[in-house]
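To keep things clear, I will list the structure first and then write my remarks on it.
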Amino acid sequence: MRIDVLTIFPGILGEPLRESLLGRAIEQGVVDVRLHDIRAFATDRHHQVDDEAYGGGPGMVMKPEPVFAAVESLGEGERRTILLSPAGRRLDQDLVRELAAERWLVLVCGRYEGVDERVVKGLPAEEVSIGDYVLSGGEVPALVVVEAVTRLLPGVIGREESHQQDSFGHDGLLDHPHYTRPAEFRGMSVPEILLSGDHAAIERWRRDAALEKTRSNRPDLLEP
Ligand code: JD8
């Protein structure tokens, strides 16, 4: 899969993309992530990417021309263009699966008060939000999309990191609690059953514990 990320702060994404699972996926060529500096597509003397809001008020708005020029520099082809925005469709694992089925994604990161609305209408771009809290720009949301999508690509997750049983897998439950050595830590013991070697009993315990954790922490996930 190819993912192009358009931003005025490519540095925010550079290092995180080189680390861990994501770094390995990129190195193996499973995903081809390309960062583009929107400022390089501003044609005026000062490479201005923002301007005052029509209608007045505080704060600046990202200009449409450099964003369009950056997107158009990518060439043609079947792709989904996404603008990260607090006004967007909320990202969940269903949307992540949908995006992971695409061949090519273009992620546009705004800053300031946001991007000129003609970017949505004209590119066109779908708006996606990673959640109901306020961030300063679309870069961290874009990184979230890249990581969530990349994990689902064939060959990225091995036996070690199996996602068949992950939280928000197809069963829609939170994950069961996990324990590792030591068997007792600061007076807290690992549940006996996990030390028993009885794999069927362990499976039942994990299923119950996942259900209980979901009831307790996220009852909304159990509603029909
Ligand atoms: C893009 C500018 C900041 C947004 C005024 C200053 C996503 N879940 C999310 N929360 N926040 C964002 C996000 C915030 C952004 C931009 C994404 C571009 N800002 C603006 C409007 C209110 N602040 C996001 N995805």
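Whatever order the structure lists them in is the order used to number ligands and atoms, beginning at 1.
Ranking protein heavy atoms by distance to atom 10 (N) of ligand 1, first place goes to Tyr133 O, 2.7 Å. Protein heavy atom nearest atom 6 (C) of ligand 1, with residue, atom name and distance: Tyr112 O, 3.6 Å. The protein non-hydrogen atom at the shortest distance from atom 25 (N) of ligand 1 is Ser85 N, 3.2 Å.
Side chains of Val5 and His36 form no contact here, defined as non-hydrogen atoms less than 4.5 Å apart.
Checked against a 3.5 angstrom limit, the closest N/O atoms of Leu135 and ligand 1 fall inside it. Polar contact with ligand 1: present for Gly131 (N/O pair, distance under 3.5 Å).
The residues Arg34 and Asp32 are annotated as salt-bridged, a charged nitrogen and a carboxylate oxygen being separated by less than 4.0 angstrom. Taking 4.0 Å as the cut-off between side-chain N and carboxylate O, Glu27 and Arg24 do not count as a salt-bridged pair.
Applying the salt bridge (charged side-chain N to carboxylate O under 4.0 Å, His left out) test to every pair with at least one member in residues 181-201, sequence neighbours left out, gives no pairs at all.
Under the 4.5 Å side-chain heavy-atom criterion for grouping Ile, Leu, Val, Met, Phe, Trp and Tyr, Ile193 is not connected to Phe185 through any hydrophobic cluster. Note on Leu35: it does not cluster hydrophobically with Phe41, by side-chain heavy-atom contacts below 4.5 Å among ILVMFWY residues. Residues Trp205 and Leu211 are members of separate hydrophobic clusters, defined by side-chain heavy-atom contacts under 4.5 angstrom among Ile, Leu, Val, Met, Phe, Trp and Tyr.
Less than 4.0 angstrom separates some heavy atom of Gly138 from each of these atoms of ligand 1: 1 (C), 16 (C), 17 (C).
Only the backbone of Val128 comes within 4.0 Å of ligand 1, judged by heavy-atom distances. Counting heavy atoms closer than 4.0 Å to ligand 1, residue Ser136 contributes backbone atoms (N, CA, C, O) but none from C-beta onward.
The nearest pair of heavy atoms linking Gln28 to Gly155 is OE1-O, 4.1 Å.
Checking Gly114, Pro86, Ala142, Gly88 against atom 17 (C) of ligand 1, the nearest heavy atom belongs to Pro86. If you check each of Glu113, Arg90, Arg111, Met62 against atom 5 (C) of ligand 1, the one with the closest non-hydrogen atom is Glu113. Between the choices Ala87, Ser129, Gly110, the shortest heavy-atom distance to atom 18 (C) of ligand 1 belongs to Gly110. Remark: among candidates Gly137, Gly59, Pro141, Cys109, the nearest residue to atom 16 (C) of ligand 1 is Gly137, based on non-hydrogen atoms.
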Which side-chain N or O atoms in residues 50-76 pair as donor and acceptor under 3.5 Å with protein atoms at least two apart or in another chain?
| residue | atom | partner | partner atom | Å |
| --- | --- | --- | --- | --- |
| Ser73 | OG | Ala70 | O | 2.7 |

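Per-atom contact check: atom 22 (C) of ligand 1 does not touch the protein, criterion being a heavy-atom distance below 4.0 Å.
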